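Worksheet: one structure, shown below.
Residue numbers begin at 1 in each chain, while the letters A, B, ... track the order of the sequences. Keep in mind that this is a model prediction, so the values were computed, not measured.
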Amino acid sequence: MNYFNILSDIVEDSLKALGKAGTLPPGLEHRGVTLEPPRDPKHGDVATNAALVLAGAAGMKPRAIAEPLAVLLRVHPDVASAEVAGPGFINLTMRSGFWHARVAEAIAAGADYGRSALGKRRGAVNVEYVSANPTGPMHVGHARGAVFGDALASLLVFSGHAVTREYYINDAGAQVDVLARSAYLRYREALGEAVGDIPEGLYPGEYLKPVGAALAQEFGTRWAALPEAEWLPTFRDRAIDAMMALIREDLGFMGVRHDVFVSERGLVADGKVEAVLAQLNAAALVYEGTLEPPKGKEPDDWEPREQTLFRATLFGDEVDRPLRKSDGSWTYFASDMAYHADKIRRGFKTLINVWGADHGGYVKRMEAAVKALSAETVSLDVKLCQLVKLMRRGEPVKMSKRAGTFVTLREVVDEVGKDVVRFIMLTRRNDAALDFDFAVVTEESRENPVFYVQYAHARCSSVLRTAGAEGSGRDLTAATLAKADLSRLTHPDELALMKTIAAWPRTVEAAALAHEPHRIAFYLRDLASSFHALWSRGKEEDGLRFIISGDEPLTLARMAMVKGCATALAVGLNIIGVAPVEELR
RNA sequence: GCGCCCGUAGCUCAGUGGAUAGAGUAUUGGCCUCCGAAGCCAAGGGUCGCAGGUUCGAAUCCUGCCGGGCGCGCCA
């Protein structure tokens, strides 16, 4: 459990007691009272601003509240000290027994350590991610969104949310017709025709050759002499299916999976777009009108044109948005509205979309759409992932589709492994650009966070293996270690490690609430660092080694601490989809 | 021109309205007979882009500038 909740209860009880005693005015609201770890550990384990926040409403000086509150807090058996500091903070330091209890909880919980019911009352969540166009294999640019979305979904599941992982297949635009024509060319090629260079405007990739070959195998020359209108639907369907199979395979190599795949073409075919238009019409949110040209950057071929427009400006967007192209077909936005209406219909209360940063200009209109379609009962959070710059020893990797130096996701995973790709993608906030240097991420040093964290877990496993070796007579199962007497663990470095282990549940909760899976990666690096530090202290002071021959109670206590550390590391790594290995190489 | 994102140590970046703003890297100097040195410890390094405002308190919230990225009606 998140120990801040325990501490929060202690403070809350003390405040109530002060109210009863008449020290504080009756009916005082305790809003805004927070408990936070102080930046400087010298200020204790946790600080509360209670006195500062309540001073105004109570009509008292902060210290006049802080002093009696601190007196009460000191009475609690888990509190070692409660000091009033600065303008009226109360710094609490907990007794070591408090931390021992947290470690025991971690071991007992095992793979569920930090799991919470945070999302139980927050309704179903839909996380849509990747949604790469089905026109070819995934490239590295897609990897970041894939990892981010997958880790975020896992994080939310772990926090008690009902989560659906979803992929939106953009299979309705002109691009899939281009795909069909490209596949048709490969089909004729497979029939023995010399097609020469792939014409401008078609997809030149080799990956369409097997698609053409399969079609030739199945249909022979049946389509070869027919006009495009005859073969296009079939070729389009077959090519899209083949591309989606390719994409799912690529995702599989990274351990990324989705529960639901929604086809844009399917939505259109089912009349979902018309349905949404009817819904908007009924609410008077659609009209025929003419847009102003964008100021300062007027397209050369601008002509005023009457269009079907959605009143996005009523919901915070800058301009109203067109739903129909001039040829009468739907805009991408129209089908996207239908798609989001469908998500809302399916009962999701929170929608999370993971997009590339180049879609930033699209966010406001989608937010407006979701507000309009759900009567503002559903929240949409769009997470934009910035670009990944591929590097090799500090030099940018040149990429060009034409020159054939385009880097696919598959190539990167093959070269460095899925664990590395996944971890590195989470070592930056999603909205900051990320450098991915092949040389660094395959290096085995502290500079490579994947290695550093996995090494810590391997070291934990190694110690436990050594201590529990045959003939040692030690029982190091989780059940036993969870009951171990940890009272001998009082060294500052040991306490530091145990406090970091104890911080895990709060870290997961905060990351889930903020929709920020990168916080898991940063926590893991901190925890690994704390463990490596303690390990090395054992080299300087024999008394700090984990295995102390001749002192079984102490050794057992230390094994429990190591087990707690390994538990937190493994749980965190599992959430972001990286394997917690038992040994390296 | 407008909108969104970013601006924190030489470099790459963390930072839930709290106290003296952190980590890695680079630089300098230490630590292996001993549970994995693939590691650890220490030192130096900052007008948190600039200027106002809100607040008991601002890197964090608001406004205006400056600099960088992305986007801006029939592409998806």
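- Using a 4.5 Å heavy-atom cutoff, the side chains of A:Q386 and A:L434 are not in contact.
- Using a 4.0 Å heavy-atom criterion, one finds that A:A47 contacts the bases of the nucleic acid, with or without backbone contacts as well.
- B:C62 and B:G1 have their P atoms separated by 23 Å, with the value rounded to a whole Å.
- The residue among A:H359 and A:I90 whose nearest nucleotide of RNA chain B lies closer to the 5′ end is A:I90.
- Per the geometry, CG belonging to A:D381 stands 14 Å off C1' belonging to B:C4, to the nearest Å.
- Summarising the geometry, the separation between CZ on A:R537 and P on B:C31 is reported as 16 Å, rounded to the nearest angstrom.
- Distance check on atom P: B:G68 versus B:U8 gives 14 Å, rounded to whole Å.
- Ionic pairing of A:R429 and A:D431 is present here: one or more N-O contacts between side-chain nitrogen and carboxylate oxygen are shorter than 4.0 angstrom.
- As judged by a 4.0 angstrom heavy-atom cut-off over every strand, A:T466 is placed among residues touching the sugar-phosphate backbone only.
- As judged by a 4.0 angstrom heavy-atom cut-off over every strand, A:G360 is placed among residues making no nucleic acid contact.
- Minimum atom distance to the side chain of A:H43 is reached by B:A19, of the listed B:G73, B:A19, B:C40.
- Atom CD1 in A:I520 sits roughly 16 Å away from atom C1' in B:G15 (whole-Å rounding).
- Remark: the A:Y455 side chain and the A:R459 side chain contain an N/O donor-acceptor pair separated by less than 3.5 Å.
- Nearest nucleotide to the A:S462 side chain, out of B:C35, B:A14, B:A19: B:C35.
- With a glycosidic angle no further than 90° from 0, B:C32 counts as syn.
- Counting non-hydrogen atoms under 4.0 angstrom, A:A533 reaches the backbone sugars and phosphates but no base.
- Counting to the nearest Å, the C1' atom of B:G69 and the NZ atom of A:K389 are 11 Å from each other.
- Counting only heavy atoms from C-beta outward, the side chains of A:E582 and A:H457 approach each other to under 4.5 Å.
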Please list, pair by pair, any protein nitrogen or oxygen found under 3.5 Å from a nitrogen or oxygen in nucleotides 6-9 of chain B.
none

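- Contact annotation: the side chain of A:I576 approaches that of A:L524 to within less than 4.5 Å [non-hydrogen atoms, C-beta and beyond].
- Rounded to whole Å, the separation between the C1' atoms of B:C48 and B:A58 comes to 11 Å.
- In this structure, A:A55 reaches neither bases nor backbone, as no heavy-atom distance under 4.0 Å exists between it and the strands shown.
- The aromatic rings of A:F546 and A:F531 lie parallel to each other, with less than 30° between the two planes, well short of the 60° mark.
- Residues A:S131 and A:W355 are not in side-chain contact: their nearest non-hydrogen atoms beyond the backbone lie 4.5 Å or more apart.
- A:K364 has a side-chain polar atom (N or O) that falls below the 4.0 Å cut-off from OP1 or OP2 of B:C4.
- For the residue pair A:R558 and A:G543, the shortest heavy atom distance occurs at NH1-O, 2.9 Å.
- Aromatic ring pairs are classed by plane angle as parallel below 30°, tilted from 30° to 60° and perpendicular above 60°; the pair A:F522 and A:H518 is perpendicular.
- Distance noted for atom P between B:A14 and B:G67: 24 Å (whole Å).
- Across the interface with RNA chain B, nearest-nucleotide mapping of A:T290 and A:F546 shows A:F546 to be the residue nearer the 5′ end.
- In this entry the distance linking OH of A:Y362 with P of B:C5 reads 19 Å, nearest Å.
- Panel note: side chain A:T48, backbone A:T34; a donor-acceptor pair is recorded below 3.5 Å.
- Of the P atoms belonging to B:G49 and B:C2, the separation is 23 Å, rounded to the nearest Å.
- Counting any heavy atom pair closer than 4.0 Å across all strands shown, A:R545 reaches a base atom.
- Applying the 5.5 angstrom centroid cut-off and the 30 degree plane-angle cut-off, the aromatic ring of A:H532 is not stacked upon the base of B:G39.
- Proximity note for A:D358 (side chain, C-beta onward) versus B:A76, B:G39, B:C70: the nearest is B:C70.
- For B:G10 and B:G44, the C1' atoms lie 13 Å apart once the distance is rounded to whole Å.
- Atom NZ in A:K383 sits roughly 14 Å away from atom C1' in B:C4 (whole-Å rounding).
- Across all strands, A:D336 comes closer than 4.0 Å to no nucleic acid atom at all (heavy-atom distances).
- We find that CG of A:L291 is positioned 19 Å from P of B:C2, with the value rounded to whole Å.
- When the P atom is compared between B:G46 and B:A37, the two are found 35 Å apart, to the nearest whole Å.
- In RNA chain B, consecutive stretches of 3 or more Watson-Crick or G-U wobble pairs with both distances under 3.5 Å are given as paired ranges: B:1-7 with B:66-72, B:10-13 with B:22-25, B:27-31 with B:39-43, B:49-53 with B:61-65.
- A side-chain N or O of A:D320 and one of A:Y287 form a donor-acceptor pair less than 3.5 Å apart.
- In this structure, A:F310 and A:F315 have parallel ring planes: the angle between them is below the 30° cut-off, well short of the 60° mark.
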Atom pairs, N/O to N/O, protein against nucleotides 16-18 of chain B, distance under 3.5 Å?
residue: B:G18; atom: OP2; partner: A:E36; partner atom: OE1; Å: 3.0

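- In the set B:C35, B:G39, B:A76, B:C35 carries the atom at the smallest distance from any side-chain atom of A:I547.
- What separates CG of A:L323 from P of B:G73 is a distance of 15 Å, to the nearest Å.
- Spacing between B:C13 and B:C65 at atom P, rounded to whole Å, works out to 27 Å.
- A salt bridge is absent between A:R365 and A:D336: the closest approach of a Lys/Arg side-chain nitrogen to an acidic carboxylate oxygen does not fall below 4.0 angstrom.
- A salt bridge links A:E128 with A:K343: the distance from a Lys NZ or Arg NE/NH1/NH2 to an Asp or Glu carboxylate oxygen falls below 4.0 Å.
- A:T308 and A:E288 form a side-chain donor-acceptor contact under 3.5 Å, judged by distance and modelled atom types alone.
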